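Model, not experiment: these values are computed from the prediction.
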Amino acid sequence: MHDTEEALFRAVHGIAGRFAGQPVPVVMDALLRDLPQAPGLEVAEIRKIAEEISVGRDPSGL
């Protein structure tokens, strides 16, 4: 796993733990603020991650 990918998974995992069950806009704000920059990571993908976290799932796989 590349360092960038690992950093993304760990950041998503941390946000999922803190924001599970919160409204999508709240989770989106956290993701946009805290995720490391990664090539190819687009807002649509971040929204899907936020939706998963909002319903209590941890999409990081950790």
Do Val26 and Val12 belong together in a cluster built from hydrophobic side chains that touch within less than 4.5 Å?
-> yes

Closest non-hydrogen atoms of Ser54 and Gln22, given as atom of the first, atom of the second and distance, are OG-O, 2.7 Å

Roughly how far, to the nearest 0.5 Å, is CD1 of Ile46 from CG of Leu41?
-> 4.0 Å

Determine, for Glu52 against Lys48, whether the closest basic-nitrogen to carboxylate-oxygen distance falls under 4.0 angstrom.
-> no

Could you go through the side-chain contact (heavy atoms from CB on, under 4.5 Å) check for Asp34 and Ile15 one step at a time?
-> CA-CA 8 Å; Asp34 294 344; Ile15 292 167; 3.8 Å; yes

dist Leu32:CG -> Arg47:CZ (nearest 0.5 Å) comes out at 10.5 Å

Does CZ in Arg18 sit with more than 12 non-hydrogen atoms of other residues, nucleotides or ligands closer than 6.0 Å?
-> yes

Is there a chain of hydrophobic side chains (I, L, V, M, F, W, Y, each step under 4.5 Å between heavy atoms) that links Val24 to Val55?
-> no

